[in-house]
Amino acid sequence: MDQFVINLIFVGASFALYIGIAIWARAGSTSEFYAAGRGVHPVTNGMATAADWMSAASFISMAGLIAFVGYDNSTYLMGWTGGYVLLALLLAPYLRKFGKYTVSEFIGDRFYSKTARMVAVLCLIIASVTYVIGQMTGVGVAFGRFLEVSNTTGLLIGACVVFAYAVFGGMKGVTYTQVAQYVVLILAYTIPAIFISLQLTGNPIPGLGLFGTHEASGEPLLAKLDEIVRELGFAEYTTHHSDTLNMVLFTLSLMIGTAGLPHVIMRFFTVPKVADARWSAGWALVFIALLYLTAPAVGAMARLNITELMWPNGTGGDAVAVQTIETEQEYLWMKTWQKTGLLDWEDKNGDGLIQYYNDANPEMQAKAAENGWAGNELTRFNQDILVLANPEIANLPGWVIGLVAAGGLAAALSTAAGLLLAISSAVSHDLMKGQFTPNISEKGELLSARIAMAVAIVVATWLGLNPPGFAAQTVALAFGLAAASIFPALMMGIFTKVNNHGAVAGMLAGLIVTLVYIFLHKGWFFIPDTNSFTDANPLLGTIQSTSFGAVGAMINFAVAFAVSRMTSPIPQEIEDLVESVRVPKGAAAATDH
């Protein structure tokens, strides 16, 4: 059967399942739209949270970033996992006990200020829209390849699918859809990894195979990979090369950004009790670990496979011939991905071979001059394609390729739906009902939520056509914005006596400083060529735009405490409210109010 038909069967069947679930679990009330009626079982919620969490950045992009950089990009794993622990321990149970629908509602009530609530809505929308751009980028990559259309067409198709099941299902529909998506994406990620680990090391467990022996050479797999990339002028895979300060700030930014992500926090509002929120967090960590423990092996093994395909005679022999790429079955994936515009090559020196090496390395430049090479001829390899192309690179069966197609789309669409819910809830519940039209009917509130979600999809799709980086890099910017604005406000709301003036000033300071720093490096409003600096040459020392969220959070805390000290203390009833949320007395039965 043709691979295109196999892809259509897997993708079509999974979409039919998602849309069917959304129709079956369609939200009929605001409680079901925002919090799934607060009746989701902890295991179910843990699985849905894991799907919500493991976005296109985790499934599609993270292994690609690790593959082409190595050890230094393990920060994505450390930051995201550590952040989830912070969220589970420090925020989720307390926010569930407070009993509200949205993060903004908690901030507004805790800081007894409509202004604080509106600023929180602003922070939430900016962070969530930036995050959705990364998801839509992943959707475009996946649809573009597996439907064999351009990246732009794939993005537009994906936007229509998100609209179909997220707008109508609400949190109730999205929750049960995400359970199905988790099953699809974890199978799609681990099955190819098991095949490839068996091929290269003989070990069926990818995480163990990573530290095993490369069967073809008899060397440790990582030592073999280090040797090959070093010979081609790239940095060693297992060595630390980047700036340590930036690496620490980046990891911290991802950690606290994770703990401040509104679409993940919202998942803990869907369970019946505070104890269930804790159990949900525990189960989610288990489900997330299944993918995150596999990702480093996927990255390393894919990098080794790609390099050996480009140099089939070893790095001391001839590179792969153009004719081989065009005619051999094992290179068919390159021609297929070339159609998407995300992979390309050029025989610059006309020798009939495609030399892949680091042409910025002085040693390789000397070798190139000696051999008559005209530069790196693998001219484009978008890192976001790595996981999706992995089964094809390893020449796995067609059904595995089809499964990965469905899994990649499940990862991107599940998180996109969660983010769009966070945006629509902020607009309809916090802006419309909380500020402008407090007497709006439940039917009117549901309508405004769906309209807000539809608008958010259009904006995210438009921005996704010109993303400021790879999917995971764009997502890292969103984490930085959440870290600088939302996380400090939640922490201070639960554990300190910071007042409303301090909270508003802190959120605005953290958001504005971080947003300006990002725009200076990525372009104003992500418009290409409007940036003044680059992450290779940042404004402040070695601190890149993706790492600045941690600095923004420090500014938020400092400004909030300073302003709070200079203004009036919080009222006694708010102090009592904070105490009742923080102290576990009566926590078993969270109430809605």
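All residue numbers in this chain count up from 1 along the given sequence.
The residue from Leu200, Leu221, Asn203 that alone fulfils the side-chain contact (heavy atoms from CB on, under 4.5 Å) condition with Leu210 is Leu221.
Residues Leu245 and Phe250 form no side-chain contact, since every pair of their non-hydrogen atoms from C-beta on lies 4.5 Å or further apart. Looking only at side-chain heavy atoms (C-beta outward), Ile228 and Thr315 come within less than 4.5 Å of each other. Trp524 places none of its side-chain heavy atoms less than 4.5 Å from the side chain of Asn531. A 4.5 Å side-chain heavy-atom check between Ile256 and Phe479 finds every atom pair outside the cut-off. Residues Met255 and Val85 have side chains not in contact (no heavy-atom distance under 4.5 Å, counting atoms from C-beta outward). Residues Ile393 and Leu309 have side chains in contact (heavy-atom distance under 4.5 Å, counting atoms from C-beta outward). Within the 4.5 Å cutoff, side-chain heavy atoms of Ser74 are placed close to those of Tyr71. In this structure the side chain of Ile401 never reaches within 4.5 angstrom of the side chain of Val404, judged on heavy atoms.
Atom CD of residue Glu346 and atom OG1 of residue Thr379 lie 6.5 Å apart, to the nearest 0.5 angstrom. One finds the CG atom of Leu87 at 9.0 Å from the CG atom of Leu285 (value rounded to the nearest 0.5 Å). Taking OG1 from Thr75 and CG from Leu252, the interatomic distance works out to 12.0 Å, rounded to the nearest 0.5 Å. Leu378 contributes atom CG, which lies 8.0 Å from atom CD1 of Ile354 (distance to the nearest 0.5 angstrom). One distance of note links OG1 of Thr294 with CD1 of Ile186; it measures 6.5 Å at 0.5 Å rounding. Ile325 CD1 to Glu330 CD: the interatomic distance, rounded to the nearest 0.5 Å, is 10.5 Å.
For the 3.5 Å distance criterion, the side chains of Gln355 and Asp359 fail to qualify, holding no donor opposite an acceptor. Judged purely by distance below 3.5 Å, without hydrogens or angles, the side chains of Asn246 and Ser547 pair a donor atom with an acceptor atom. Judged purely by distance below 3.5 Å, without hydrogens or angles, the side chains of Ser545 and Asp535 pair a donor atom with an acceptor atom. With 3.5 Å as the limit, one finds a donor-acceptor pair spanning the side chains of Gln338 and Asp344.
Residues Val322 and Leu353 share a closest heavy-atom pair of CG2-N, 4.2 Å. Ala394 and Asn305 get closest at one heavy-atom pair: CB-ND2, 4.2 Å. Contact record, Val559 with Ala509: CG2-CB, 3.9 Å, taken as the closest heavy-atom pair. Across every non-hydrogen atom of Ala482 and Gly260, the tightest pair is CB-O, 4.0 Å. When every heavy atom of Ile194 is checked against every heavy atom of Pro206, the shortest pair comes out as N-CG, 3.9 Å. Contact between Ala368 and Tyr357 at its shortest, heavy atoms only, is CB-OH, 3.4 Å.
A donor-acceptor distance shorter than 3.5 angstrom exists from the side chain of Tyr237 to the backbone of Ala300, with no hydrogens or angles considered. Between the side chain of His521 and the backbone N or O of Gly523 there is no donor-acceptor pair closer than 3.5 Å. The backbone N or O of Leu540 lies less than 3.5 Å from a partner atom in the side chain of Tyr517, making a donor-acceptor pair. Looking at Trp311, its side chain does come within 3.5 Å of a backbone N or O of Tyr356 through a donor-acceptor pair. Remark: the backbone N or O of Pro538 is not paired with any side-chain donor or acceptor of Gln544 at under 3.5 angstrom. Distance alone, capped at 3.5 Å, is enough to place a donor-acceptor pair between the Asn358 side chain and the Ala360 backbone. In terms of modelled atom types and a separation under 3.5 Å, the side chain of Thr201 and the main chain of Ser197 share a donor-acceptor contact. Checked by atom type and distance alone, the side chain of Arg380 pairs as donor or acceptor with a backbone atom of Gly341 at under 3.5 Å. At least one donor-acceptor pair under 3.5 Å links the side chain of Asp72 to the backbone N or O of Ser242. Side chain of Tyr182 to main chain of Gly46: no donor-acceptor pair is present (N/O by atom type, distance under 3.5 Å, no hydrogens or angles).
Using bins of under 30°, 30° to 60° and over 60° for the plane-to-plane angle, the ring pair Tyr94/Phe495 lands in the perpendicular bin. Below 30°, between 30° and 60°, or above 60°: for Tyr292 and Trp80 the angle between ring planes is between 30° and 60°, a tilted geometry.
Within a 6.0 Å radius of CZ in Phe533, other residues, nucleotides and ligands contribute more than 12 heavy atoms. When the shell of 6.0 Å around CH2 of Trp373 is examined, it contains more than 12 heavy atoms from other residues, nucleotides or ligands.
The pair Arg230-Glu236 meets the salt-bridge criterion, since a charged nitrogen lies less than 4.0 angstrom from a carboxylate oxygen.
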*asked:* One pair to check against side-chain contact (heavy atoms from CB on, under 4.5 Å): Leu291 and Met62. What are the steps and the verdict?
replied: CA-CA 11 Å; Leu291 188 145; Met62 180 173 61; 4.3 Å; yes
Passes side-chain contact (heavy atoms from CB on, under 4.5 Å), Phe519 versus Thr530? Steps please. CA-CA 8 Å; Phe519 285 160; Thr530 58; over 6 Å; no
Practice item. I would like to know whether Leu477 and Leu481 meet side-chain contact (heavy atoms from CB on, under 4.5 Å); could you show each step before the answer? Key: CA-CA 6 Å; Leu477 297 175; Leu481 291 168; 5.6 Å; no
key: side-chain contact (heavy atoms from CB on, under 4.5 Å) assessment of Asp243 paired with Met247   = CA-CA 6 Å; Asp243 177 74; Met247 190 175 185; over 6 Å; no
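Figure legend: cation-pi geometry between Arg303 and Phe234, with NZ or CZ positioned under 6.0 Å from the six-membered ring centre and within 45° of its axis.
Legend: residues meeting ring pair (Phe, Tyr, Trp, His ring centres under 6.0 Å) with Phe68, ordered by chain and number and at least two apart, are Phe381.
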